[in-house]
Enquirer: 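My questions will all concern the structure given below.
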Amino acid sequence: MNQLLHNMNPQQKEAILTTEGPLLVMAGAGSGKTRVLTHRIAYLMSEKQVSPYNILAITFTNKAAREMKERVEKLIGERGKDVWISTFHSMCVRILRRDIDLIGYDLNFGILDDADQLSVIKTVMEDLNLDPKRQSPKYFLSQISNAKNELKSPRDLSKEFENEDVIRVYERYQQILFKNNRVDFDDLLVLTVHLFEKHPEVLTFYQNKFQYIHIDEYQDTNNAQYQIVSLLAQKFRNICVVGDSDQSIYSWRGANIENILSFEHDYPDAKVVLLEQNYRSKQMILNAANDVIQNNSGRLDKRLWSDRGEGNQIEYYRALDGDVEATYIADKISYMRRDSYDYHDFAILYRTNSQSRAIEQAFLRQNIPYRLIGGQSYFKRKEIKDLMAYLRLICNPDDDLSFKRIVNEPKRGIGAASIEKLTQFANEAELSLMASIDEVDNGIARATLNKFIDFKQMIYMLRSQIEAYSIAEFIDLVLRQTGYLEMLENENTIEADSRIDNLGEFQSMATQFEEVDLNEILAEEESEERADELSTMTKLVILLNDLMLQTDTETEEEANESKVTLMTIHAAKGLEFPVVFICGFEDGIFPLHSALEQGGDELEEERRLAYVAITRAEDILFITNAQSRYQYGRRSANRESMFIHEISDKYLNKTGIETRSKRPSFTLQEALDNRSPKKTIQTITLTTDSSWKSGDKVLHDSFGEGVVVGVKGEIVSIAFSSPHGIKKLMGSHPALKKRG
DNA sequence: AGGTTAACTATTTTT
DNA sequence: TAGTTAACCT
């Protein structure tokens, strides 16, 4: 038997063997869909002699793409590198990088993140005299995003008698982006559709290239993505979509569950494979998940089953208040990890980010190391955004958005008033800000004008030197010449030191990109170009766009550290843990107020979220909540989540207040019996010169007491109590002392 | 220009 | 509670 089909169940085999024609794989949680996908790709190459260049696989996250790539390579070897495995957005960037000039943009276009989007919206609202209190910038942003996901232009909206203000803001917003040669995340999809529609020869090229198409998490596609897939698959119709309508949790971002539900309608000759066997969880956990999801209407009735054993009841604990709840979780972890589990076997899942605080405090008190997923991402940090703005401005001096961001950073005595004045002139003269500096009649006072001129000369000086350097060297030059590094150095605070470290990290990322990643990208694209033949400017533009799409920066070592994981349920999709705690299981929090009031689709999405949360657990699941807790600074009481009542009592072991305990929490021996077959636990023991190790208690001159939660070379991550949170500090910093 | 204080609001966020 | 933003003061 073919090695690639080894250990596959009949449905999985069928999914792998059905290489031709449309195929829908309805894959329940934990049913091994990634395994099916990777083996299918390998099978196409090894058995069907399909060239890797003719295979496309699309995922939603970079992480998923990376993992899939690794697994395909493991199965098939080096040739696996040549398969396009990427996210929708990276795929679009690559397509647009070749041909976006055909639809009017410059090939050196830059990508805009959501913070940038919001600031554009704010200026547009100012120009149009719209009151942000009546309609918030965020409202406009989401309306625009929705429109784009539906592939609707401002003109299309006006036909539908949409909110007049939305149309005006959308129109203006789009003009500004175009003028600055910038595109937002949604544009990447929209413009790719436009490109395909207006230039059939481009579409034909990609249709011929991608003869075998795979889409993961198909239930999360929005209409623009759907359109891209449809266009690409039109010719060969070898399209394999994998997904689970019960795990559709991003409809508020435009994901359209109908896409997967109507696949058979779109492709009447489609074969459908249902994967119901779960390889992740004990049956008890699946029973609870099945119980909950059954309450949703209009779904394909799937029932997950497992042969991993019955397992324990779900531990349901209702606490007196939020602190007691957090303490309960911390206690359980301390207890269980003594001999059965490692810290990294635990995950704490919550509905909203703000819930993490209470847990963090309890963990800090009890010295439980943790990693918090989400929150401020690396690329949203000010210093990184500033550096990227400099680099973008150097590549494209007409980029007003970048110009405004850094013209007075570090302080050059150019204030808001002067920038406003220059902007006024630039708008009237239809010039970029940079170009307006040279105009004699721009009305800027001589003293200020000189400052602008100095700034411009500096940028152009850097621009003229770029080709003499590698990207990493050039970044160094930029940081020095602009005075940015000096500004941080002079600050002399720990804060500034860590910013400098971050910039250094950016630099090493750039080196890695230039020397390794770029060639892989080019190889995948079958490009004749080679990295070392590209100009530094071109490489830099590619790097900047690549980084904009990169949000998860956690390295493999960091992910494997022995720490408890704290994250939202949304962030947990696709992951699994031996022991899972779902906390704050209360009406108003989970499901959220709004969903509870609105009912209908909103409530069903919350229920799917509960389903996702429950199915993350392998061996043991805890569900907790609190009778009362602090919310928005006031104490409020919440009822138990309606979802807990949907789980049959026989699957629950209720403890805590207001619930009768049928029996004590399971014993340690039971916990041991329920362990997964021993996994190779990779506890990374970092050997460092510094004497710091996780768990050490420290005293910091300004942050007070804290606990070391990670050590990476000279850098020690220390968790301080709120409001400081986790800080990365030099282990040798004089402000830091070990506490006994 | 730039820093400080008072007032306001409150999901989730793969890219 | 806490993060953000607008108004206010130096």
Enquirer: Nearest to the side chain of A:Ala417 - B:dT12, B:dA1, B:dG2?
Expert: B:dA1

Enquirer: Pick the P atom in C:dT4 and in B:dT13, then give their distance to the nearest Å.
Expert: 16 Å

Enquirer: On the nucleotide B:dA10, are OP1 or OP2 found under 4.0 Å from the side-chain N or O atoms that A:Asn353 carries?
Expert: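 Looking at the OP1 and OP2 atoms of B:dA10, neither is under 4.0 Å from any side-chain N or O of A:Asn353.
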
Enquirer: Restricting to pairs with a member in residues 442-454 of chain A, which pass salt bridge (charged side-chain N to carboxylate O under 4.0 Å, His left out), not counting sequence neighbours?
Expert: none

Enquirer: Between A:Glu150 (side chain only) and A:Asn223 (backbone N and O only), is there a donor and an acceptor less than 3.5 Å apart?
Expert: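 Such a contact is absent between A:Glu150 side chain and A:Asn223 backbone.
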
Enquirer: To the nearest Å, how far apart are A:Ile582 CD1 and B:dT12 P?
Expert: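 Spelled out: CD1 on A:Ile582 to P on B:dT12 is 17 Å.
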
Enquirer: Would you check if A:Thr192 and A:Phe88 make a side-chain contact, meaning some heavy-atom pair closer than 4.5 Å?
Expert: no

Enquirer: I need the CD-C1' distance between A:Glu126 and C:dT5, as an integer number of Å.
Expert: 12 Å

Enquirer: Select base, sugar-phosphate, or nothing to describe what A:Lys573 touches, counting heavy atoms under 4.0 Å on all strands.
Expert: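 Since no nucleic acid heavy atom lies under 4.0 Å of A:Lys573, the category is nothing.
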
Enquirer: Looking at every strand, decide which applies to A:Ile414 at a 4.0 Å heavy-atom threshold: base, sugar-phosphate, or nothing.
Expert: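 Sugar-phosphate only.
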
Enquirer: For A:Glu605 and B:dT14, give me the distance from atom CD to atom P, rounded to whole Å.
Expert: 15 Å

Enquirer: Using the closest heavy atom to pick a nucleotide of DNA chain B for each, name whichever of A:Ile249 or A:Asn408 lands nearer the 5' end.
Expert: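 Its nearest nucleotide being more 5', the pick is A:Asn408.
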
Enquirer: For the pair made of CG in A:Leu609 and C1' in B:dT13, what is the distance, rounded to whole Å?
Expert: 12 Å

Enquirer: When you measure from the side chain of A:Tyr632, which nucleotide among B:dA1, B:dA10, B:dT13 comes out closest?
Expert: B:dA10

Enquirer: Taking for each residue the nucleotide of DNA chain B bearing the nearest heavy atom, is the 5' side occupied by A:Asp186 or by A:Thr448?
Expert: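 Per heavy-atom nearest nucleotide, the more 5' residue is A:Thr448.
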
Enquirer: Could you work out which one of B:dA1, B:dG2, B:dT12 sits closest to the side chain of A:Ser418?
Expert: B:dA1

Enquirer: Rounded to whole Å, how long is the line connecting atom CZ of A:Arg634 with atom P of C:dT1?
Expert: 11 Å

Enquirer: I want to know whether A:Phe140 and A:Tyr173 have ring centres closer than 6.0 Å.
Expert: no

Enquirer: A:Glu360 has an atom CD; how far is it from atom C1' of C:dA2, in whole Å?
Expert: 14 Å

Enquirer: Regarding A:Arg616 and A:Glu576, does a basic nitrogen lie under 4.0 Å from an acidic carboxylate oxygen?
Expert: no

Enquirer: Does a side-chain N or O from A:Thr59 land closer than 4.0 Å to OP1 or OP2 of B:dT14, or not?
Expert: no

Enquirer: Quick one: ring-ring contact (aromatic ring centres under 6.0 Å, His included) pairs with a partner in residues 240-260 of chain A, sequence neighbours left out?
Expert: A:Tyr250-A:Trp252, A:Tyr250-A:His570, A:Trp252-A:His570

Enquirer: Can you tell me if A:Tyr250 is stacked onto the base of B:dT12, using a 5.5 Å centroid cut-off and an angle below 30°?
Expert: no

Enquirer: C1' atom, C:dT5 versus B:dT12: distance in rounded Å?
Expert: 24 Å

Enquirer: For the pair made of CZ in A:Arg635 and P in C:dT1, what is the distance, rounded to whole Å?
Expert: 12 Å

Enquirer: Just to confirm, is there a sub-4.0 Å distance from OP1 or OP2 of C:dA2 to any side-chain nitrogen or oxygen of A:Arg357?
Expert: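 Yes, because at least one side-chain N or O of A:Arg357 sits under 4.0 Å from OP1 or OP2 of C:dA2.
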
Enquirer: Rounded to the nearest angstrom, tell me the gap between atom NZ in A:Lys138 and atom P in C:dG3.
Expert: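 Distance, rounded to whole Å: 13 Å.
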
